Structures are given as C-alpha cells and as structure tokens.
Amino acid sequence: MQQLLFIFNDIIVIFFDLFIFTRLIILKKDRLFEKVLMYSGCTTIILAYFTAVYLMEIPASIASAVCMSIPSFQLFFYLSKHKDSRFFLTFCFVDSISLIIAFLGRYIGILSGNTTGNLIMLITTTLLFLFVIYVGKNHFKKYHDLLEIPDVGWLDMAVTSALIYFGLLFFAAYPKPLIERIEYGPAYFVFSVIIISCYIVFIHSILKTKKINDQKKTLQREKEIYKIAYTDAMTGLYNRASYIEKVNAQREELT
C-alpha cells in the first residue's frame with residue numbers, strides 16, 4: 001500500500017507536469033491530429049511509468065528518465081512550433097517547478113510522520129499543483145504571446161534554465177537522495193525560492209522587451225500614417241495638407 005501511494009504521488013507529479021506543458025506549448029499546427037497525438041502521448045507516458053515502476057519494479061529515478069523525461073521531451077519538441085531556445089527554456093522551467101513541488105510534497109509528508117504522512121504528501125502535492133494552475137491559467141495565453149517575440153535573449157535564459165534544472169537534480173540526488181537527508185530540506189527550499197525568483201526576473205525581462213517592441217511598432221505605424229497623410233504617393237513630395245499645416249503653424253507663431 002505504501003509503495004502504491006508513492007507511485008501515485010509520482011504519477012500526480014508527472015500528470016500535472018505534462019498538463020502544464022500542454023498549456024504553455026504552441027503547436028506547430030493547431031489541428032485535431034496534433035492535439036490527439038499530444039494527449040495520447042501524455043497518457044502513454046503515464047502508463048509506461050506506472051508499468052515500469054509497479055509491475056517491472058524499475059527504480060523510480062531510472063523510470064522517470066526513461067519513461068517520462070526523454071519521451072516527453074521528444075514528443076513536445078516534435079509538436080512545438082518553436083524548436084529553439086524558447087522550447088528548452090519552457091521545458092526546463094516546467095520541469096523545475098514540478099521538481100520543487102514534488103520535493104515539498106514529499107518533505108511535508110515525511111515531517112507528518114509514518115501514519116498519515118503519505119496521504120498528506122498526496123494532498124499537498126495535488127493542492128500545490130492546483131494552486132500553480134489556478135494562478136497561471138490567466139497567463140498561459142500571455143506566455144504564448146511572449147514566445148512569438150524572436151529576440152529577447154532566449155538563448156541566455158535557456159542556458160541558465162538548464163543549469164538551474166541540473167542544479168535541482170544534483171542537489172536532490174547527490175550524494176544520496178534528498179529524502180534520506182531530510183535535514184537539508186530548508187536549504188533546498190531556500191534554493192527553490194531563489195530559482196523561482198530567477199524565473200520571475202526572466203518573465204519581467206521578456207515583458208519589458210515586448211513593451212518596447214510594441215512601442216516601436218506603434219511609432220512605425222504612426223510614421224506610415226503621417227507619410228500617407230502628408231506626402232504625395234507618386235512623387236514622395238509634401239502634399240497640400242502638409243503645406244496648409246505648416247502655414248497654419250507659422251500663423252500661430254506670428255500671433
């Protein structure tokens with residue numbers, strides 16, 4: 001029974017991890033086939049993990065890499081519209097958040113004791129993911145808009161995200177699994193807060209760049225409208241409307 005609870009907790013983490021990524025990814029083709037492939041692929045990943053851990057008794061760390069991380073990366077990379085640093089940033093971001101939530105759920109479960117700890121672990125993990133989805137549901141579309149901006153330092157942020165992701169995995173696994181080093185829980189929590197802060201800075205940086213790009217587009221449109229209104233389309237010279245405006249401006253200066 002205890003083993004099933006641990007496996008079910010892992011499945012909850014995998015399910016929400018995949019779900020969040022389906023909300024953040026932009027499909028290269030928004031067709032029924034791609035959506036069916038995406039959701040059926042996610043279902044296969046969950047079933048494969050359960051089969052590997054529960055029926056074949058493969059260690060969870062190996063099953064997670066073989067049945068979840070690698071297949072999900074390949075699946076979403078194939079379906080994604082952006083096959084560049086934007087994809088890698090998103091992938092590392094979602095997996096990092098999932099790792100943090102999985103740790104918090106497990107940590108709170110251990111602190112709660114052996115009797116009800118596993119149940120509390122499941123409830124905590126589920127509630128944390130639901131909270132993330134509730135807070136983020138209004139921002140998924142905005143994130144899609146940000147992904148359409150081609151040059152905001154995506155490569156630098158993707159490299160940093162990959163290092164953050166590796167740091168989380170390394171901290172949680174070396175020199176032995178973190179659940180066997182429960183005294184390091186507060187340090188891991190502080191590290192997680194720092195990581196979330198870094199991602200918040202990334203998003204604010206992208207938003208500022210988007211605002212600057214929008215202002216540039218507005219100015220460009222205004223220049224085009226001005227050119228249409230005050231120049232002749234054939235010769236490119238100033239037209240009558242421009243002449244009248246300058247005359248009126250000079251009269252106002254004289255008066």
Side-chain angles (χ1 to χ4, degrees), residues 13-14 16-30 34 38 42 64-65 68-104 128-129 131-133 135-174 178 184 187-220:
V13 174
I14 294 172
F16 281 108
D17 181 271
L18 296 173
F19 177 80
I20 294 173
F21 207 91
T22 60
R23 301 279 78 83
L24 293 180
I25 190 177
I26 300 179
L27 298 176
K28 60 180 178 180
K29 294 181 180 178
D30 193 13
E34 277 72 20
M38 180 173 65
C42 292
S64 177
M68 193 277 176
S69 297
I70 297 175
S72 64
F73 180 89
Q74 294 173 332
L75 173 67
F76 289 119
F77 186 79
Y78 171 75
L79 295 172
S80 178
K81 176 182 177 181
H82 304 295
K83 294 178 172 59
D84 50 22
S85 52
R86 285 171 281 187
F87 173 82
F88 291 95
L89 171 63
T90 305
F91 187 85
C92 292
F93 169 66
V94 175
D95 269 19
S96 296
I97 297 300
S98 296
L99 283 172
I100 292 172
I101 292 176
F103 162 73
L104 288 176
L128 286 173
F129 272 114
F131 174 75
V132 170
I133 292 173
V135 172
K137 65 180 181 179
N138 295 326
H139 300 283
F140 292 146
K141 180 61 173 63
K142 295 179 181 178
Y143 187 76
H144 288 178
D145 295 336
L146 296 180
L147 288 176
E148 297 296 346
I149 304 175
D151 187 17
V152 293
W154 291 109
L155 180 59
D156 294 336
M157 289 187 289
V159 172
T160 304
S161 298
L163 293 174
I164 288 172
Y165 183 49
F166 173 78
L168 278 171
L169 293 174
F170 185 80
F171 195 172
Y174 183 83
L178 194 60
Y184 287 92
Y188 195 82
F189 176 74
V190 172
F191 184 47
S192 300
V193 172
I194 294 172
I195 288 172
I196 294 174
S197 300
C198 289
Y199 281 117
I200 292 175
V201 171
F202 290 167
I203 294 174
H204 278 293
S205 175
I206 299 172
L207 287 171
K208 288 182 179 179
T209 305
K210 182 178 184 299
K211 185 177 181 180
I212 293 172
N213 288 339
D214 291 342
Q215 290 174 346
K216 287 181 178 179
K217 290 180 181 178
T218 301
L219 290 174
Q220 186 63 33

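This structure is a prediction, so every number in the text was calculated from the model and none was measured.
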Show me the donor-acceptor pairs within less than 3.5 Å that the side chains of residues 82-91 make with the rest of the protein, sequence neighbours left out.
residue	atom	partner	partner atom	Å
H82	ND1	R86	NH1	3.4
K83	NZ	F77	O	3.3
K83	NZ	Y78	O	3.3
K83	NZ	S80	O	2.6
D84	OD1	R86	N	3.0
D84	OD1	R86	NE	3.3
D84	OD2	R86	NE	3.3
D84	OD2	R86	NH2	2.8
S85	OG	L155	N	3.4
R86	NH1	L147	O	2.6
T90	OG1	R86	O	2.8
T90	OG1	Y143	OH	2.7

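A distance of 5.0 Å separates CZ of F93 from CD1 of I203, quoted to the nearest 0.5 Å. Within the model, atoms CG of L169 and OG of S69 stand 8.0 Å from one another, a figure rounded to the nearest 0.5 Å. Distance check: F103 CZ to L128 CG gives 12.0 Å after rounding to the nearest 0.5 Å. Within the model, atoms NZ of K141 and CG of L146 stand 10.0 Å from one another, a figure rounded to the nearest 0.5 Å. Here the CG atom belonging to L163 is positioned 11.5 Å from the CG atom belonging to L168, to the nearest 0.5 angstrom. To the nearest 0.5 Å, atom NE2 of residue H144 and atom CG of residue L24 are 6.0 Å apart.
Considering only heavy atoms from C-beta on, F129 comes within 4.5 Å of S98 through its side chain. Side-chain contact check for I101 versus V13: every heavy-atom pair is 4.5 Å or farther apart. You'll find the side chain of F76 reaches within 4.5 Å of the side chain of T22, heavy atoms only. Proximity of C92 to I164: side-chain heavy atoms (C-beta onward) are nowhere separated by under 4.5 Å. Contact check for T160 versus F202: side-chain heavy atoms found under the 4.5 Å cut-off. Here the side chains of I26 and E148 are in contact, with some heavy-atom distance below 4.5 Å. No side-chain heavy atom of F19 sits under 4.5 Å from any side-chain heavy atom of C42. F16 places none of its side-chain heavy atoms less than 4.5 Å from the side chain of V132.
The aromatic rings of F191 and Y188 lie perpendicular to each other, with more than 60° between the two planes, well past the 30° mark.
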- [ ] Take I97 and I196 through the side-chain contact (heavy atoms from CB on, under 4.5 Å) test and state the conclusion after the steps.
- [x] CA-CA 8 Å; I97 297 300; I196 294 174; 4.3 Å; yes
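Around atom CZ of F140, more than 12 heavy atoms belonging to other residues, nucleotides or ligands sit under 6.0 Å away. Within a 6.0 Å sphere centred on NZ of K28, heavy atoms belonging to other residues, nucleotides or ligands number more than 12.
Not one N or O on the side chain of S205 forms a donor-acceptor pair closer than 3.5 Å with the backbone of V201.
Ion pairing between K81 and E34 fails under the 4.0 Å rule for side-chain N and carboxylate O.
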